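Below is one structure, written out as structure tokens; the observations come after it.
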Amino acid sequence: EAGVAQSPRYKIIEKRQSVAFWCNPISGHATLYWYQQILGQGPKLLIQFQNNGVVDDSQLPKDRFSAERLKGVDSTLKIQPAKLEDSAVYLCASSLAGSYEQYFGPGTRLTVT
Amino acid sequence: KQEVTQIPAALSVPEGENLVLNCSFTDSAIYNLQWFRQDPGKGLTSLLLIQSSQREQTSGRLNASLDKSSGRSTLYIAASQPGDSATYLCAVRGGYQKVTFGTGTKLQVIP
């Protein structure tokens with residue numbers, strides 16, 4: 001069974017630029033999560049989708065971050081414009097509806113200079 | 001607001017020792033608790049998932065317990081090995097299915 005796929009693995013951008021991350025969950029997993037993990041901290045949930053609907057986006061900085069999951073499968077997280085404090089690893093996870101056991105992708109390491 | 005604490009932040013033990021990692025949470029109204037390990041520069045690997053109705057789960061040398069009333073979970077690792085060196089994270093799923101992670105315990109097992 002293929003795991004959660006993410007791309008790119010690494011990204012370096014200058015502040016005020018925009019960036020997008022892509023995630024493809026495990027086949028059949030209805031729930032998809034995006035997390036931000038700053039160095040030395042635990043992951044912080046940014047947004048949770050159930051199919052293509054948003055379950056929780058209370059910690060998503062909506063003035064600069066956006067996410068979509070149009071067909072209920074893969075998802076894109078965008079930052080525009082980026083700030084220095086957005087430097088972090090962005091993790092995508094998925095789970096079966098009802099099971100809630102999360103499976104994580106390898107993450108995208110973003111550096112904002 | 002759910003707060004999840006993991007103590008200690010770092011732990012160093014000699015190979016072969018049994019050890020316990022702690023996870024505390026402030027709101028006992030949870031659906032489940034999941035333990036993960038994270039290797040440097042990599043994503044998270046699921047170790048054990050405990051539903052709110054369960055008291056413990058076991059997988060190989062790992063045993064996780066849950067005491068909802070006291071807001072605590074422990075991860076017991078038996079006969080530690082150098083390959084167990086990693087950061088261990090707990091995550092609590094609470095009201096509205098919201099997931100909150102702890103800050104992790106960085107474990108080093110010395111050969």
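Owing to the predicted nature of the structure, the values given are computational and were not obtained by experimental measurement. Chain naming here is simple, since letters A, B, ... match the order of the sequence lines and numbering starts at 1 in each.
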*Does one hydrophobic cluster hold both B:Val92 and B:Trp35, with members joined at side-chain heavy-atom distances below 4.5 Å?*
yes

_Hydrophobic cluster membership, A:Val112 vs A:Val19, 4.5 Å side-chain cutoff_ = yes

*asked:* Using side chain to side chain contact (heavy atoms under 4.5 Å, CB included), reason through A:Gln102 and B:Phe36 one step at a time and then give a plain yes or no.
replied: CA-CA 10 Å; A:Gln102 297 184 74; B:Phe36 297 87; 4.2 Å; yes

Do other residues, nucleotides or ligands put more than 12 heavy atoms under 6.0 Å from the [atom1] atom of [X]?
X       : atom1 : value
A:Lys71 : NZ    : no
A:Leu96 : CG    : yes
B:Lys68 : NZ    : yes
A:Leu39 : CG    : no

*Do we see a donor-acceptor contact under 3.5 Å between the side chains of B:Thr100 and A:Lys44?*
no

*Between A:Glu101 and chain B, which part of the residue has a heavy atom less than 4.5 Å away: side chain, backbone, both or neither?*
both

*asked:* For A:Ser58, which atoms come within 4.5 Å of any heavy atom of chain B: side chain, backbone, both, or neither?
replied: side chain

With a 4.5 Å limit on heavy-atom distance, are the side chains of [X] and [Y] in contact?
X        : Y       : value
A:Tyr103 : B:Leu44 : no
B:Gln38  : A:Gln37 : yes
B:Leu89  : A:Pro43 : yes

_chain B interface, residue from A:Pro106, A:Gly107, A:Cys92 that has the most non-hydrogen pairs under 4.5 Å_ = A:Pro106

*Name the option with the most non-hydrogen atom pairs under 4.5 Å to chain B; the candidates are A:Leu45, A:Val4, A:Thr31, A:Asp56.*
A:Asp56

*For B:Gln51, is it the side chain, the backbone, both, or neither that has a heavy atom closer than 4.5 Å to a heavy atom of chain A?*
side chain

*Could you state the interatomic distance from OG (A:Ser95) to CZ (B:Arg93), rounded to the nearest 0.5 Å?*
5.5 Å

